[in-house]
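Here is the structure we will look at.
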Amino acid sequence: MAVRAPVSASGRLLEGLRKWYYNAAGFNQLGLMRDDTIYEDDDVKVALKRLPENLYNERLFRIKRALDLSMRQQILPEEQWVKYEEDKKYLEPYLKEVIRERLEREEWDRK
């Protein structure tokens, strides 16, 4: 018999607040994921170059579709919205690696 870890009331409240904020932000109504909205600084630009081609193309499609919807002042039908549970941080592993390498390079240059 599997034992579930007890979920505290504050944990459920925090998770509910995260879901509410995710939906209130509105980018999911345009079909965007959280990583599609990250400001593109130098680290993000390098991480984007490291994305596999299929992930990069999917990202470009979502951004172009969102721009088109925004220009027409429309949103996607609700069944096409990106749900909080479906949103994956596809860029995060690449971004963490780029930041780690940059910090390592800066540390090396200081010595």
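- In this structure, the side chains of Arg59 and Tyr90 come closer than 4.5 Å at one or more pairs of heavy atoms.
- In this view, Glu107 satisfies the salt bridge (Lys or Arg N to Asp or Glu O under 4.0 Å) rule with no residue, not counting sequence neighbours.
- Under the rule for a side chain to side chain contact (heavy atoms under 4.5 Å, CB included), the partners of Thr37 that lie at least two apart in sequence or sit in another chain are Phe27, Leu32.
- Within the hydrophobic cluster formed by Ile, Leu, Val, Met, Phe, Trp and Tyr side chains joined at under 4.5 Å, directly or through other members, Leu17 is accompanied by Trp20, Tyr21.
- Separating the CD atom in Glu104 from the CD atom in Glu101 is a distance of 7.5 Å, to the nearest 0.5 Å.
- Interatomic distance, Asn54 CG to Glu58 CD, rounded to the nearest 0.5 Å: 5.5 Å.
- Looking at residues two or more places apart in sequence or on another chain, you find a side-chain hydrogen bond (donor to acceptor under 3.5 Å, both in side chains) between Arg18 and Glu15.
- Each ring-ring contact (aromatic ring centres under 6.0 Å, His included) pair with one or both residues in residues 34-85, not counting sequence neighbours, appears once here: Tyr22-Tyr84.
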Could you go through residues 73-80 and list every donor-acceptor pair under 3.5 Å that involves a side-chain atom there, pairing it with any protein atom two or more places apart or in another chain?
from  : atom 1 : to    : atom 2 : distance (Å)
Gln74 : OE1    : Arg72 : NH1    : 3.1

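- Lys96 is not listed as a side-chain neighbour of Arg100, based on a closest heavy-atom distance of 4.5 Å or more.
- Taking a 4.5 Å side-chain heavy-atom cut-off between Ile, Leu, Val, Met, Phe, Trp and Tyr, the cluster of Val46 extends to Val98.
- Interatomic distance, CG of Leu95 versus CG of Asp35, reported as 8.0 Å (0.5 Å rounding).
- Annotation: Asp42, atom CG; neighbour count of heavy atoms from other residues, nucleotides and ligands within 6.0 Å does not exceed 12.
- Lys83 is linked by a side-chain hydrogen bond (donor to acceptor under 3.5 Å, both in side chains) to nothing, counting only residues two or more places apart in sequence or in another chain.
- Heavy-atom minimum distance, Tyr94 versus Pro52: OH-CD, 3.2 Å.
- Applying the salt bridge (Lys or Arg N to Asp or Glu O under 4.0 Å) criterion to Arg105, with sequence neighbours excluded, gives no partner residue.
- Residues forming a salt bridge (Lys or Arg N to Asp or Glu O under 4.0 Å) with Glu97 (at least two apart in sequence, or on another chain): Arg50.
- With a 4.5 Å cut-off on side-chain heavy atoms, Met33 and Asp36 count as touching.
- Annotation: the span from Asp43 atom CG to Ile99 atom CD1 amounts to 5.0 Å, rounded to 0.5 Å.
- Not counting sequence neighbours, the partners of Glu106 by the side-chain hydrogen bond (donor to acceptor under 3.5 Å, both in side chains) test are Arg102.
- Atoms CZ and CG, on Arg34 and Leu91 in that order, are 12.5 Å from each other to the nearest 0.5 Å.
- Among residues two or more places apart in sequence or in another chain, the salt bridge (Lys or Arg N to Asp or Glu O under 4.0 Å) test is passed with Glu85 by Lys19.
- With values rounded to the nearest 0.5 angstrom, Asp68 atom CG is found 14.0 Å from Ile63 atom CD1.
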